[in-house]
Amino acid sequence: VRAFTCPHCHALVAYENSLCLTCGSALGYLRSAGDFVVIDQRAGYRPCANLSKASCNWVAEVDSFCWSCALTRTRPADSDPLMPAFALAETAKRRLLFQLESLRLPVITRTDDPAHGLVFDMLSSSTGPVTTGHASGVITLDLAEGDDAHREGVRQSLGEPYRTVLGHLRHEIGHWYWDVLVLPNHLPTFRLLFGDERADYAQALSGHYGAGESAGWQVGHVSDYAAAHPWEDWAETFAHYLHIRDTLQTAAAYGMKIDGPNLPISSAAPLSAEPEDETSGFGEIIRTWLPMTYALNGVNRSMGKEDLYPFVLTPRVLSKLRFVHAVISEATISRNSLPPLTSH
Ligand SMILES: [Zn+2]
Ligand SMILES: [Zn+2]
Ligand SMILES: [Zn+2]
């Protein structure tokens, strides 16, 4: 996200905050302005009704709720043990929505399109089984994924290097964007890069979960799960592209610039063979991103933490990311007015 400041005292304000820690002003994120405002009933700025239940720091713009909370159709009862996870999931969702709008991607709600528009079911598996997934615009999240012990257990049992609630939301909305952007306009190129999505989906997934790690997935996929089916490959690659763009936006907002050490970027070498990368901006994204990941992994290790970025971008994965970039660039409402990638 961008770096925000308090409209009252101009101190730095984290995107998740509903209070300025410097001057004590109650703050809210006003989506229609893309910025924080001081909560002031006289000026018409009321906090979202989910301020306490969803840790929501957006201003109410749809009746008593904000636009983000209004996109959630189902949530657990107040007494549900997973209510803290609901707040965590909604916080991740607000970051997701900020990014979609920042990239100028279309967000079609259920009001605009009652059959395929976006809506979220945030469900608790404390009372019955819940499957995280996407179907015709409905994104379902098992809120147990917001419970650290549960999520870490699943991550270890599946041998995944990375598992977060934000990652789930980016993955599931990737399926929706496949329906909205790839299916109508880009199917032949998609099949060339990702394979034929008409392969039996249920069979592919049960095969994936039954067989353990797919042999050799690293060559052409950003994750093991991406190798399960072309649809999953797209969703994993799309989510990965959002990871890269958000992290670069944040780094730029703080003026982070990696100047050294001067390492050869071997996996990005094929970029030089793609002249369109320079006109589309993809080349700059990857050239900025790879040195950043080396630095951030080094920083994390200095703190005794695991790598921030436990991924490798092979030439085939880069081709898929380039395709995601092209699809998004074409879909953006105003493609020539994208914000600059870096602030320098
Ligand atoms: Zn302040
Ligand atoms: Zn809200
Ligand atoms: Zn999926």
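Counting starts at 1 for both ligands and their atoms, following the listed order. Predicted model, so just to flag it, every value in this text is computed and none were measured.
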Parallel under 30°, tilted from 30 to 60°, perpendicular over 60°: which one fits the rings of Trp234 and Phe238?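 Tilted, since the angle between the ring planes falls between 30° and 60°.
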Check: Once rounded to 10°, what is the value of the angle centred on the Zn ion (ligand 2) between Cys48 SG and Cys56 SG?
Finding: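 It is 110°, given to the nearest 10°.
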inquiry  = Check for me: within less than 2.8 Å of the Zn ion (ligand 1), which protein N/O/S atoms show up?
reply    =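 Cys6 SG, Cys9 SG, Cys20 SG, Cys23 SG, with waters left out.
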task: Check whether Val107 and Leu30 end up in the same hydrophobic cluster, where Ile, Leu, Val, Met, Phe, Trp and Tyr are linked by side-chain heavy atoms less than 4.5 Å apart.
output: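 No, it is not one cluster - the side chains of Val107 and Leu30 are not joined through contacts under 4.5 Å.
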May I ask you to check whether [X] and [Y] show a side-chain donor-acceptor distance below 3.5 Å?
X: Ser102; Y: Gln249; answer: yes
X: Tyr241; Y: His325; answer: yes
X: Glu197; Y: His229; answer: no
X: Asp121; Y: Thr74; answer: yes

Q) Looking at Leu71 and Leu118, what are the two nearest heavy atoms and their distance? A)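 Between these two residues, the closest heavy atoms are CD2-O, 3.8 Å.
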message = If I consider every N, O or S atom in Glu232, which one ends up closest to the Zn ion (ligand 3)? I only need its name.
response =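 Atom name returned: OE1.
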Check whether any N, O or S atom of His175, backbone or side chain, sits closer than 2.8 Å to the Zn ion (ligand 3).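 Yes - counting backbone and side chain alike, His175 has an N, O or S atom under 2.8 Å.
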